[in-house]
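The model shown is predicted, which means the values in this text are computed figures rather than measured ones. Residue numbers start from 1 in every chain, and the chains themselves are labelled A, B, ... in the order their sequence lines are given, proteins ahead of strands.
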Amino acid sequence: QQQVKQSPQSLIVQKGGISIINCAYENTAFDYFPWYQQFPGKGPALLIAIRPDVSEKKEGRFTISFNKSAKQFSLHIMDSQPGDSATYFCAATPTGNQFYFGTGTSLTVIP
Amino acid sequence: DTGVSQDPRHKITKRGQNVTFRCDPISEHNRLYWYRQTLGQGPEFLTYFQNEAQLEKSRLLSDRFSAERPKGSFSTLEIQRTEQGDSAMYLCASSSLTSGAQETQYFGPGTRLLVL
C-alpha cells in the first residue's frame, strides 16, 4: 500500500512557468514532509521540507503548501528553469522513523 | 567531500552470486538508512541503524539480504544468491536524530546493481 500518493507522474512546463506537484497521505502520525530532487544517476537531494504546524514554506523559487485537514501537500516551482528538469519526490515520516516516498514526478522544463 | 559516499557506484553480477555494498555516512550522523529504488519509483525503505543497532527491517528485506554497521560508522549491505529482481539502485542515507530536532536524511549517490 502506497503511504504517500504523488501526482502527476510527469509534467512538462514552459520556461518561466509554474510547476505544481501534489502529494496526499493518510497516516496522521506523519509530521515531517520533505521534497527531494533527483537527477539521473544521482541520489535524491533535499529541496525543501515542512512540518504540519505551518501551511506554507517558501525558499527561493520553491514553495510547499500544506493542507493538514485534507492531508495534502504540494510543491510549487515558480519561474521554472530548464535546470529544474529532474524527478521530484515527496516524502513523509513520523519523526524518528522511516521515510515513505511518493512514486515521483518527472519534470521537464522546455526552454 | 563530507557527504554520504557509496561504493561501488555500479555492479554487474551473474544470478546466484553474492554482492556487498558499502556506505560511509556523514561522520557525525548516528542514523543510517538503506533504500532500494527501481526505475520510475521512489526509494523504498529496507532497513536502518541507530549507531550500531539495526532498529527496523522492511518486509522487502528477504533473508538473502543482510546489513551491518559494526562500529556505528560505515555500513555494508550484502545480497546473497542474487536474483534478476534484485536489479535496482541501492541508496544509503544518513541523518542525525537528536531530541526535539527534525531529522533530515542526506542521500548518497547510490549503487546501481544489474543482475544478469
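Grouping the Ile, Leu, Val, Met, Phe, Trp and Tyr side chains by contacts below 4.5 angstrom, directly or via other members, places F21(B) apart from L116(B). F74(B) and V19(B) fall into different hydrophobic clusters, where Ile, Leu, Val, Met, Phe, Trp and Tyr are joined by side-chain heavy atoms under 4.5 Å apart, directly or via other members. In the hydrophobic clustering of ILVMFWY residues, with side-chain heavy atoms under 4.5 Å counting as a link, L39(B) and Y90(B) come out apart. By the criterion of side-chain heavy atoms lying less than 4.5 angstrom apart, applied directly or through intervening Ile, Leu, Val, Met, Phe, Trp or Tyr residues, I77(A) is grouped together with I48(A) in one hydrophobic cluster. A chain of hydrophobic side-chain contacts below 4.5 Å, direct or via other Ile, Leu, Val, Met, Phe, Trp or Tyr residues, connects V13(A) to L47(A).
For Q6(B), no part lies near chain A; criterion is any non-hydrogen pair under 4.5 Å. Interface residue R9(B): only side-chain heavy atoms are found under 4.5 Å from chain A. With a 4.5 Å cut-off on non-hydrogen atoms, E56(B) touches chain A through its side chain but not through its backbone. Looking at Y36(A), only its side chain comes within 4.5 Å of chain B, counting heavy atoms on both sides.
In terms of heavy atoms, Q98(A) sits closest to F45(B) at OE1-CB, 3.1 Å.
Of all residues spanning residues 101-111 of chain A, those with a heavy atom less than 4.5 Å away from chain B's heavy atoms are F101(A), G102(A), T103(A), arranged by number. Interface with chain B: from residues 58-71 of chain A, no residue qualifies, criterion being any non-hydrogen pair under 4.5 Å. Contacts between residues 37-44 of chain A and chain B, defined by a heavy-atom separation under 4.5 Å, are made by Q38(A), G41(A), K42(A), G43(A), P44(A).
No more than 12 heavy atoms of other residues, nucleotides or ligands shown are found within 6.0 angstrom of CD on Q9(A). Heavy atoms of other residues, nucleotides or ligands lying less than 6.0 angstrom from CD1 of I12(B) number 12 at most. Within a 6.0 Å radius of CD in E68(B), other residues, nucleotides and ligands contribute 12 heavy atoms or fewer. Enclosure of atom OH in Y100(A) by more than 12 non-hydrogen atoms of other residues, nucleotides or ligands within 6.0 angstrom is indicated.
Evaluation of the ring pair (Phe, Tyr, Trp, His ring centres under 6.0 Å) rule for F65(B) yields no partner, not counting sequence neighbours.
Distance check, rounded to the nearest 0.5 Å: CZ of F107(B) to CZ of F89(A) gives 9.5 Å.
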